[in-house]
Amino acid sequence: MASGSGDSAGGRGESTEVNSKWLDAHYDPMANIHTFSACLALADLHGDGEYKLVVGDLGPNGRQPRLKVLKGPSVLTESPLPALPSAAAAFLMEPHEPRTPALALASGPCVYVYKNLRPYFKFSLPPLPPNPLEQDLWNQAKEDRIDPLTLKEMLEGIREKAEVPLSSQSLRFLHLELGEMEAFVAQHKTQPIRRQTVITTMTILKKNLADEDAVSCLVLGTENRELLVLDPEAFTVLTKMNLPSVPVFLEASGQFDVEFWLTAACRDGNIYILRRDCKRPKYCIELSAQPVGLVRIHKTLVVGSTQDMLHSFTHKGKKLWTVPMPAPILTMSLLEQRSRGLQAVMAGLANGEMRIYRDKALLNIIRTPDAVTSLCFGRYGREDNTLIMTTRGGGLVIKILKRTAVFGEGAGEAGPPPAQALRLNVPRKTRLYVDQTLREREAGTAMHRAFQMDLYLLRLRAARAYVQALESSLNPVSATLREPLKLHAVVQGLGPTFKLTLHLQNTSAVRPAMGLLVSCLYNESLYALPRAFFKVPMLVPGLSYPLETFVECLSDKGISDVIKVLVLREGQSAPLLSAHINMPVSEGLVAA
Amino acid sequence: MAEEKAPTTTQFPGTIEPQKPRLKKAPEFPILEKQNWLIHLHYIRKDYAACKALIKEQLQETQGLCEYAIYVQALMYRLEGNIQESLELFQSCAVLNPQNADNLKQVARSLFLLGKHKAAIEVYNEAAKLNQKDWEICHNLGVCYMYLKHFNKAKDQLHSALQLNRHDLTYIMLGKIHLLEGELEKAIDIYKKAVEFSPENTELLTTLGLLYLQLGIYQKAFEHLGNALTFDPTNYKAILAAGSMMQTHGDFDVALTKYRVMAYSVPESPPLWNNIGMCFFGKKKYVAAISCLKRANYLAPFDWKILYNLGLVHLTMQQYASAFHFLSAAINFQPKMGELYMLLAIALTNLDDSENASRAYAEAVALDQSNPLVNLNYAVLLYNQGEKKKALAQYQEMEKKVTLLKGSSSLDFDPEMVEMAQKMGAALQVGEALVWTKPVKDLKSRHRTTSANKSSNLQQPLGSNQALGQAMSSAAGFGKTTQLPAGAGGASQFSKPPSLPLEPEADPAEAISSEVQEQRETQKSSLAPE
């Protein structure tokens with residue numbers, strides 16, 4: 001836990017560089033806080049002017065959900081939660097004194113409201129209406145008027161067509177094996193059909209005054225694609241709006257009784273903007289990527305997307321600008337410095353940077369020892385401009401914005417990229433090269449002629465060798481069209497015994513080759529072949545015939561020679577084709 | 001009956017025993033979607049390990065009924081490249097919830113990635129029945145049709161996607177189709193609209209700039225490329241294209257500064273080193289030019305443009321033997337270009353092989369359509385060989401081409417070429433043709449590299465006509481500045497249109513290097529006096 005370590009104890013050396021604007025108040029890498037920006041809230045919970053940090057903590061691996069309240073660097077209270085918190089918010093419930101805000105924590109299908117850090121009220125989402133057909137079927141099952149198989153078929157039919165989805169009870173039933181059905185029905189038929197949904201996101205919306213500390217309503221986004229606005233005192237649903245997809249992030253502005261805008265970033269990658277008195281979205285922004293954060297500044301929206309971009313839109317959905325980020329965005333939040341009237345967007349990136357942007361301009365970069373996963377800026381303790389960050393490893397970083405600090409634009413990468421100042425890596429040329437150049441200039445013609453002459457000679461020689469090979473059938477592919485054959489030899493082994501495999505292929509389209517002989521010519525003092533002369537079976541066109549023979553190396557001097565393989569036709573002395581096999585040195589004898 | 005009715009079980013994910021419900025008295029079922037929000041948060045943060053662990057837990061708890069968990073798992077499979085697995089999971093999502101168009105869209109997307117475009121189209125059509133107004137379906141249908149080469153259907157779908165919602169991607173695809181069909185103007189119109197819609201998209205800006213470049217509308221091309229560089233100063237394509245345009249205008253130092261950015265990020269790009277080499281050539285740093293060009297040649301040994309440039313630089317350096325090799329290699333890769341044969345002829349002339357030189361010239365003249373320089377150089381050679389009649393024929397051919405060029409565009413001819421031609425005309429006793437009256441006016445603006453062509457060999461024995469020979473040797477460098485590439489360079493780009501839209505990566509560089517060579521080629525078309 002973070003307790004004990006005072007302000008001075010934080011790992012000060014960790015975040016350096018651009019920290020002239022920030023005081024490092026606290027850094028605890030072992031604070032064990034795992035949460036999202038939505039589950040952080042700053043509030044004066046006791047009405048004593050000392051702001052506390054409320055954390056809906058998921059716990060390591062999301063297994064120990066807890067509500068933590070931090071005061072300064074230490075944890076004030078900690079209480080277990082029944083389920084993972086999806087959002088936390090502090091809001092004023094009633095206009096009377098003392099104006100201490102209540103704390104709302106959304107978790108599963110419920111909102112838990114705390115006052116003075118004591119449980120005060122639990123609001124549960126109203127259950128969804130079940131499908132009447134499904135209800136009817138289960139009622140029949142209850143009275144045993146329907147057998148499980150028919151029930152299954154009917155439910156199946158409902159699932160495929162109906163607008164209202166089935167309850168989890170029916171869905172589970174549909175997945176049962178035949179034998180299990182009876183027992184399941186017997187056990188569950190008395191249960192009422194229930195459909196419950198969960199809260200995915202929550203924010204607050206002023207009720208009727210624009211003041212800083214005005215009574216606010218809770219706005220909930222649910223898994224069944226609805227937005228609900230709750231009355232702050234009675235916790236009744238004031239209004240309900242539908243979305244085309246499940247909301248992930250929610251922003252609200254305006255006042256509920258006057259005029260308000262709700263902006264919901266949804267799972268289909270779209271952002272929907274709703275206004276008072278309309279049950280459906282008024283504007284839609286299609287991002288073509290998933291949004292990872294949503295911040296509203298006055299009438300502009302700043303959205304981070306999974307394509308590592310910050311996009312800005314007007315509140316009517318018109319695109320304003322786009323800024324690329326150097327790494328994936330993990331979380332985003334609003335920075336509001338009231339004393340200077342500054343509103344900026346903070347974005348925590350996966351490369352351990354926390355960037356602050358005002359419009360397109362990069363104001364500041366804070367480097368953190370670990371990637372920041374949640375961000376919160378506001379009054380903490382008695383300090384107005386405090387930045388609270390939690391990191392991926394569960395660390396907690398608290399920084400205070402210096403009162404003298406002014407964010408100037410252009411702190412980021414303006415101007416030409418740094419690479420422009422680097423020298424070009426032009427390959428150097430040696431003195432020798434220059435000398436040769438000079439020589440070529442002097443004697444270019446002679447060089448050219450000599451070269452051309454040699455080239456002709458080379459070509460001539462190549463042509464002669466080719467003709468000779470053709471004439472003496474020294475080639476591995478037969479030149480005559482009458483006997484189209486291909487020979488290819490492989491030598492295997494280390495010696496002194498080698499295996500010589502000849503792959504002989506008849507390349508003609510239809511005609512089989514018959515009456516062929518293979519003869520090997522070799523130096524008899526070096527090699528011994530048990531089968532130096534043998535007949536070739538009939539060659540079916542297209543197939544490759546491996547013909548194997550063994551070669552024994554007789555010399556132990558580590559020398560090798562060429563073995564000539566000739567393919568002959570019976571009754572003709574001129575070979576059809578031949579191969580020269582360069583035998584490897586017998587390693588067996590050399591080693592011995 | 002056990003009285004273990006636990007209303008709180010829904011709350012504790014760890015404590016639920018999903019199996020054996022028959023022993024307990026009808027336990028409440030967990031809400032299937034209860035952790036979807038957390039799965040999604042992990043997913044969008046790209047924390048895939050946490051996401052997978054959560055999905056596994058969730059699927060165990062719900063006995064595989066949680067549609068969204070399967071959906072995200074499939075998305076992650078696809079990101080990892082296991083498209084077949086992702087397809088199967090998306091299909092099981094579609095079984096769990098057949099009403100959801102998203103599931104069908106993803107099935108189709110996976111099919112598309114597997115290259116099964118026809119199957120993808122079918123599934124998309126199925127999805128379109130569930131959700132009429134989805135630009136994504138229209139867009140992807142369009143892309144599928146594009147790959148199946150049903151361009152008209154593709155265009156229809158993409159246009160309807162644009163009507164539903166405008167996206168940069170749709171514009172890009174639509175532009176691509178127009179390019180595939182060879183409709184440059186239409187493609188430009190599309191890209192113009194796209195840039196209007198999203199003025200900061202560097203890809204759109206660069207593509208539009210390159211298209212203008214192809215059409216020879218240099219002002220606009222430069223404007224768009226410049227805009228692209230403002231938004232992204234490290235854009236590879238834009239730097240290369242803008243740099244080549246600067247080179248065309250002789251701003252070698254500015255171009256080099258731009259190239260430095262690229263040399264840092266893409267150090268192994270052949271067109272980049274080609275262009276750097278030609279920058280040095282323009283600055284008369286020939287050794288550096290050869291080094292850079294040789295590096296380019298090392299990186300792309302089969303690129304004839306680089307070989308062309310190498311030949312040109314070696315001609316300038318009077319290394320005719322080397323020039324011959326590079327040029328003949330270039331001709332092996334690109335046997336249809338008159339200028340290459342001309343350069344080869346020049347090299348051969350200087351190597352005292354006038355017989356082959358005139359054969360090369362004959363080939364060059366036969367292949368070339370518009371470059372008067374080819375004919376002029378040939379005329380000079382013929383004249384030097386004493387074949388006045390043939391020389392005269394070539395000279396007249398040249399005049400024809402000049403008049404044609406002047407008619408088609410406001411070309412400026414290189415003064416040296418003009419001078420050379422006039423001398424040639426005088427020597428051939430042709431009446432002083434009026435073809436040159438206009439072009440000379442722009443002389444000053446081209447502080448070009450014509451002096452590079454002092455070239456020819458004073459050491460060689462000049463014929464009896466000493467003065468003429470010398471004048472000729474001063475070379476008819478033909479500094480077609482900005483305009484000529486429109487003709488010749490454009491032609492060389494058009495000659496291989498299929499490579500253009502299919503590989504947009506390689507294309508600009510290609511276009512550019514050809515551009516540069518076009519410009520360069522001018523530099524050293526020295527005449528060989530005999």
Side-chain angles (χ1 to χ4, degrees), chain A residues 36 61-63 82-84 86 108-109 159-160 165 168-169 171-172 175 183-184 187-188 190-191 196-198 200-201 223 246 248 267-268 286 288 290-292 306 319 321-322 328 330-331 350 373 416-417 419-429 434 437 440-441 444-445 447-448 451, chain B residues 8 10-14 21-22 25-26 29-38 40-41 43-46 53-54 63-65 97-98 102 135 165 167 169 198 200 233-234 256-257 259-261 263-265 267 276 287-288 290-292 294-295 317-322 324 350-353:
Chain A
F36 300 101
N61 300 326
R63 293 201 186 279
L84 293 177
S86 54
R159 188 176 77 175
E160 268 165 36
S168 49
Q169 177 176 325
L171 284 176
R172 176 135 321 171
H175 270 248
F184 188 91
Q187 191 177 17
H188 292 279
T190 51
Q191 290 278 313
Q196 187 67 282
T197 186
V198 293
T200 57
T201 175
E223 184 74 31
V246 184
V248 183
R267 271 183 213 163
D268 57 0
E286 294 189 349
S288 63
Q290 290 288 350
V292 284
T306 43
K319 194 194 274 183
W321 47 260
T322 303
L330 294 183
T331 186
T373 52
Q420 194 160 315
L422 295 175
R423 273 185 65 86
L424 270 179
N425 170 23
V426 177
R428 300 258 157 252
K429 285 294 175 201
V434 178
T437 311
E440 189 189 335
R441 270 194 215 187
T445 315
M447 284 162 86
H448 179 68
F451 177 83
Chain B
T8 49
T10 46
Q11 318 289 4
F12 292 103
R22 67 192 75 160
K25 186 198 179 234
F29 293 106
I31 305 169
L32 292 177
E33 300 96 7
K34 83 177 166 173
Q35 293 201 323
N36 285 4
W37 62 274
L38 191 57
H40 182 78
L41 275 181
Y43 171 68
I44 58 174
R45 288 169 159 207
K46 306 187 179 170
L54 193 63
Q63 295 183 336
L65 287 179
N97 188 351
D102 276 343
W135 77 272
N165 212 323
H167 281 264
L169 210 57
S198 99
E200 295 187 16
T234 53
L256 275 177
T257 8
Y259 290 147
R260 274 188 208 157
V261 180
Y264 179 72
S265 54
I276 291 178
V287 177
I290 290 180
S291 308
C292 293
K294 280 195 171 159
R295 174 176 287 181
M317 292 287 280
Q318 299 168 35
Q319 291 174 261
Y320 301 111
S322 309
F324 171 81
N350 283 298
L351 290 167
D352 285 345
D353 191 352

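Residue numbers begin at 1 in each chain, while the letters A, B, ... track the order of the sequences.
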- [ ] Below 4.5 Å from any heavy atom of chain B, which atoms of A/Phe36 appear? Answer side chain, backbone, both or neither.
- [x] both

Open item on the list: Tell me whether A/Glu286 is salt-bridged to A/Lys319, with the criterion being a basic N under 4.0 Å from an acidic carboxylate O.
Closed with: no

Open item on the list: Shorter than 4.5 Å, heavy atoms on both sides: which option in B/Tyr43, B/Phe324, B/Trp37 has the most such pairs with chain A?
Closed with: B/Trp37

Open item on the list: Tell me which of these, B/Ser291, B/Ala321, B/Cys292, has more heavy-atom pairs under 4.5 Å with chain A than the rest.
Closed with: B/Ser291

Task: Region of A/Gln196 in contact with chain B, defined by heavy-atom distances below 4.5 Å - done: both

Open item on the list: Go through it in stages, so that I can follow the logic: the residues are A/Glu440 and B/Met317, the test is side chain to side chain contact (heavy atoms under 4.5 Å, CB included), and I'd like the CA-CA distance, side-chain angles, deciding distance and then a yes or no.
Closed with: CA-CA 10 Å; A/Glu440 189 189 335; B/Met317 292 287 280; over 6 Å; no

Task: A/Thr201 portion near chain B, given a 4.5 angstrom heavy-atom threshold - done: neither

Task: Residues that B/His167 engages under ring-ring contact (aromatic ring centres under 6.0 Å, His included), provided they are two or more places apart - done: B/Trp135

- [ ] Would you check, one step at a time, whether the test side chain to side chain contact (heavy atoms under 4.5 Å, CB included) holds for B/Ile276 with B/Leu256?
- [x] CA-CA 7 Å; B/Ile276 291 178; B/Leu256 275 177; 3.9 Å; yes

Task: Top contributor to chain B interface from A/Thr200, A/Thr331, A/Thr306, A/Thr322 [non-hydrogen pairs under 4.5 Å] - done: A/Thr306

- [ ] Give a yes or no on whether the backbone of B/Leu54 and the side-chain of B/Gln35 come within a donor-acceptor separation of less than 3.5 Å.
- [x] no

Task: Which of B/Leu41, B/Asp102, B/Leu169, B/Val287 touches chain A most, by non-hydrogen pairs under 4.5 Å - done: B/Leu41

Task: B/Arg45 side chain reached by A/Pro328 side chain, heavy atoms, under 4.5 Å - done: no

Open item on the list: Between B/Tyr320 and A/His448, is the ring centroid distance below 6.0 Å?
Closed with: no

- [ ] Please state whether the side chain, the backbone, both or neither of A/Val248 comes within less than 4.5 Å of a heavy atom of chain B.
- [x] side chain

Task: Structural part of B/Glu200 lying under 4.5 Å from a heavy atom of chain A - done: side chain

